[in-house]
Amino acid sequence: QVQLVESGGGLVQAGGSLRLSCAASGRTFSRVDMGWFRQAPGKEREFVAVRGWSGGPTYYADSVKGRFTISRDNAKNTVYLQMNSLKPEDTAVYYCATGGWGTTSDNYDSWGQGTQVTVSS
């Protein structure tokens, strides 16, 4: 099992930027795929981005493509989500996840506690 701790959320105006971080421990980080999901009030958790280990493939949800970038620093056991041109509809609790692959949250077995991102109009 791996432990994940997110940070970097906050309140930002529309058009602004935030960078989320997810620090991992407990498993060989460089050999696990890392994903970001988000959940807005009253909505189901949805896929945001995923990045494979060892320079593997990267995928984004259509709603964030071109605005968000997922990256990882294996030396620091950390995955990042750089979010630019934020919109009010990006408001959600953001979670990082591992132990799986793809765009379905059920595929992942380890989750962080989440970090709140609020984008004001």
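Treat the numbers as computed from the prediction; the structure is a model and nothing was measured.
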Report summary line: Only one of N84, V48, L20 passes side chain to side chain contact (heavy atoms under 4.5 Å, CB included) with F68, and that residue is V48
Query raised in the report: Which heavy atom of L4 sits nearest a heavy atom of A97, and at what distance?
Result: CD1-CA, 3.8 Å
Report task. Nearest 0.5 Å please: distance from the CD atom of Q116 over to the OH atom of Y94. Result -> 9.5 Å
Query raised in the report: Could you go step by step and tell me if M83 and V117 meet the side-chain contact (heavy atoms from CB on, under 4.5 Å) rule?
Result: CA-CA 10 Å; M83 306 185 296; V117 172; 3.8 Å; yes
Query raised in the report: Does the salt bridge (Lys or Arg N to Asp or Glu O under 4.0 Å) test come out yes or no for D62 and K65, once each step is laid out?
Result: CA-CA 5 Å; D62 288 343; K65 202 172 294 183; 3.1 Å; yes
Query raised in the report: Can you tell me how far the OG atom of S17 sits from the CZ atom of R19, to the nearest 0.5 Å?
Result: 12.0 Å
Requested in this report: Hydrophobic side-chain clustering at under 4.5 Å (ILVMFWY, transitive links): who's grouped with Y108? Put none if nobody.
Outcome: F37, F47, V50, Y59, V93, Y95, W101, W111
Query - D73-T78 side chain donor-acceptor pair, cut-off 3.5 Å - result: no
Query - Side-chain donor/acceptor of T115 to backbone N/O of G9, under 3.5 Å - result: yes
Report summary line: Between the CD atom in Q82 and the CZ atom in R67, the distance rounded to the nearest 0.5 Å is 12.0 Å
Query raised in the report: Between atom CG of D33 and atom CZ of R72, what is the distance when rounded to the nearest 0.5 Å?
Result: 7.0 Å
Requested in this report: Step through the shown structure and confirm whether more than 12 heavy atoms of other residues, nucleotides or ligands are within 6.0 Å of CD on Q113.
Outcome: yes
Query raised in the report: Among pairs that include at least one residue of residues 41-50, which meet salt bridge (Lys or Arg N to Asp or Glu O under 4.0 Å), considering only residues two or more places apart or in two chains?
Result: R38-E46
Report summary line: The reported gap from CE in M34 to OG in S71 (rounded to nearest 0.5 angstrom) is 11.5 Å
Query raised in the report: Quick one: does T98's side chain have a donor or acceptor within less than 3.5 Å of a partner on S110's backbone?
Result: no
Report task. Would you check if the side chain of E6 reaches a backbone N or O of G114 as a donor-acceptor pair within less than 3.5 Å? Result -> yes
Query raised in the report: If you look at every heavy atom in A14 and S121, which pair is closest and at what distance?
Result: CB-CA, 4.4 Å
Report summary line: CG of D90 to OG of S63, rounded to nearest 0.5 Å, is 7.0 Å
Report task. Start with the C-alpha distance between I70 and Y80, add both sets of side-chain angles, then the distance that settles side-chain contact (heavy atoms from CB on, under 4.5 Å), and finish with yes or no. Result -> CA-CA 6 Å; I70 185 171; Y80 303 97; over 6 Å; no
Query raised in the report: Closest approach of L86 and L18, non-hydrogen atoms and distance?
Result: CD1-N, 3.9 Å
Query raised in the report: Mind checking whether Q3 and V5 have side chains closer than 4.5 Å, heavy atoms only?
Result: no
